[in-house]
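Positions are given from 1 along the sequence. The structure presented is a predicted model; accordingly, all values stated were derived computationally and were not measured.
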Amino acid sequence: QVQLVESGGGLVKAGDSLRLSCAASGRTYAMGWFRQAPGEERGFVASISWSGGSTFYADFVKGRFTVSRDNAKNTVYLQMNSLKPEATAVYYCAARNVQYARTRASDYDYWGQGTQVTVSS
């Protein structure tokens with residue numbers, strides 16, 4: 001059973017940066033980041049294939065976020081720059097049992113507990 005633990009969330013001001021980390025306890029392949037704001041459905045943010053050669057981003061990212069991974073550490077990262085108040089949400093890490101990255105939450109097999117990101121204006 002794979003366990004995912006997110007870290008790096010917090011309270012920042014608009015325009016600041018944060019780097020989220022997701023450490024996996026077992027072997028994982030493609031991984032993704034999703035977020036859920038109060039009263040909203042969980043939505044896709046970014047994903048990365050097992051090799052790191054393929055990445056996908058939600059349109060609202062617009063070059064401000066970067067997903068990366070270190071397979072030696074079994075960890076995936078989400079670098080978030082120029083944060084906006086609408087980015088306030090719980091951010092979840094997810095993992096698949098296959099190497100290809102996807103953008104739908106239903107394609108992921110394992111989920112972390114989430115880390116809160118709050119961006120003040």
Side-chain angles (χ1 to χ4, degrees):
Q1 184 74 9
V2 173
Q3 291 187 329
L4 305 174
V5 179
E6 302 97 334
S7 62
L11 172 62
V12 297
K13 297 180 179 179
D16 286 350
S17 298
L18 273 178
R19 188 177 81 155
L20 305 183
S21 299
C22 174
S25 64
R27 181 69 181 273
T28 59
Y29 293 90
M31 299 186 74
W33 288 97
F34 293 78
R35 72 184 189 184
Q36 187 168 20
E40 297 184 7
E41 294 185 354
R42 190 171 301 186
F44 172 72
V45 177
S47 62
I48 186 168
S49 63
W50 178 78
S51 69
S54 295
T55 57
F56 299 92
Y57 295 96
D59 290 343
F60 65 80
V61 168
K62 294 181 180 179
R64 297 180 296 112
F65 293 7
T66 302
V67 61
S68 62
R69 66 189 301 158
D70 184 340
N71 287 342
K73 296 181 178 180
N74 237 10
T75 300
V76 67
Y77 306 97
L78 183 67
Q79 177 67 44
M80 304 187 293
N81 299 328
S82 302
L83 283 163
K84 303 177 182 180
E86 50 264 40
T88 296
V90 177
Y91 284 71
Y92 296 92
C93 173
R96 304 189 73 208
N97 279 324
V98 295
Q99 61 179 314
Y100 304 108
R102 291 292 183 268
T103 63
R104 298 184 308 179
S106 59
D107 288 326
Y108 287 79
D109 303 292
Y110 306 101
W111 292 84
Q113 293 300 307
T115 184
Q116 177 71 46
V117 171
T118 303
V119 184
S120 64
S121 58

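- With rounding to the nearest 0.5 angstrom, the OG atom of S49 is 9.5 Å from the OH atom of Y100.
- Residue E86 qualifies as enclosed at atom CD: its count of foreign heavy atoms under 6.0 Å is above 12.
- Interatomic distance, OH of Y110 versus OG of S25, reported as 9.5 Å (0.5 Å rounding).
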Discussion item. Set out, in order, the CA-CA distance, both residues' side-chain angles and the distance that settles side-chain contact (heavy atoms from CB on, under 4.5 Å) for M80 and V117, then state yes or no.
Written reply: CA-CA 11 Å; M80 304 187 293; V117 171; 4.0 Å; yes
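- Across all non-hydrogen atoms, the minimal contact from R27 to V2 is O-CG2, 3.6 Å.
- Between the R96 side chain and the D109 main chain, no donor and acceptor come within less than 3.5 Å of each other.
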Worksheet item: Where do F34 and F44 land on the ring pair (Phe, Tyr, Trp, His ring centres under 6.0 Å) test, with the steps shown first?
Response: CA-CA 4 Å; F34 293 78; F44 172 72; 5.7 Å; yes
Worksheet item: Going through the checks in order, is the side-chain contact (heavy atoms from CB on, under 4.5 Å) test met by W33 and E6?
Response: CA-CA 10 Å; W33 288 97; E6 302 97 334; 4.0 Å; yes
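- Put simply, the side chain of N74 gets close to the backbone of G26: a donor and an acceptor are under 3.5 Å apart.
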Item to complete: Evaluate the side-chain contact (heavy atoms from CB on, under 4.5 Å) criterion for residues S82 and R64: first the C-alpha distance (whole Å), next the side-chain angles of each, then the deciding distance (0.1 Å), finally the verdict.
Response: CA-CA 6 Å; S82 302; R64 297 180 296 112; 3.8 Å; yes
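- One distance of note links OG of S68 with CD of Q79; it measures 8.0 Å at 0.5 Å rounding.
- For the atom pair CE (M31) and CG (L78), the distance works out to 11.5 Å, reported to the nearest 0.5 Å.
- If you take OG1 on T115 and OH on Y91, they are separated by 10.5 Å, rounding to the nearest 0.5 Å.
- Scanning all heavy atoms of the two residues, the minimum distance from G112 to Y92 falls at O-CD2, 3.6 Å.
- Because its NZ or CZ atom is both nearer than 6.0 Å to the ring centre of W111 and within 45° of the ring axis, R42 counts as a cation-pi partner of that residue.
- Note on residues 16-111: pairs passing disulfide (SG to SG under 2.5 Å), not counting sequence neighbours, are C22-C93.
- V45 is not listed as a side-chain neighbour of Y57, based on a closest heavy-atom distance of 4.5 Å or more.
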Please list, one pair per line, the donor and acceptor atoms closer than 3.5 Å that link side chains of residues 10-20 to other protein atoms, with sequence neighbours excluded.
unit_1: D16; atom_1: OD2; unit_2: K13; atom_2: N; d: 3.1
unit_1: S17; atom_1: OG; unit_2: N81; atom_2: OD1; d: 3.0

Worksheet entry | Verdict with reasoning, Q113 to V5, per side-chain contact (heavy atoms from CB on, under 4.5 Å) | CA-CA 7 Å; Q113 293 300 307; V5 179; over 6 Å; no
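- For T75 (side chain) and A23 (main-chain N/O), no donor-acceptor pair under 3.5 Å exists by modelled atom type.
- Geometrically, R69 does not engage Y29 in a cation-pi contact, judged by NZ or CZ lying under 6.0 Å from the ring centre and within 45° of the ring axis.
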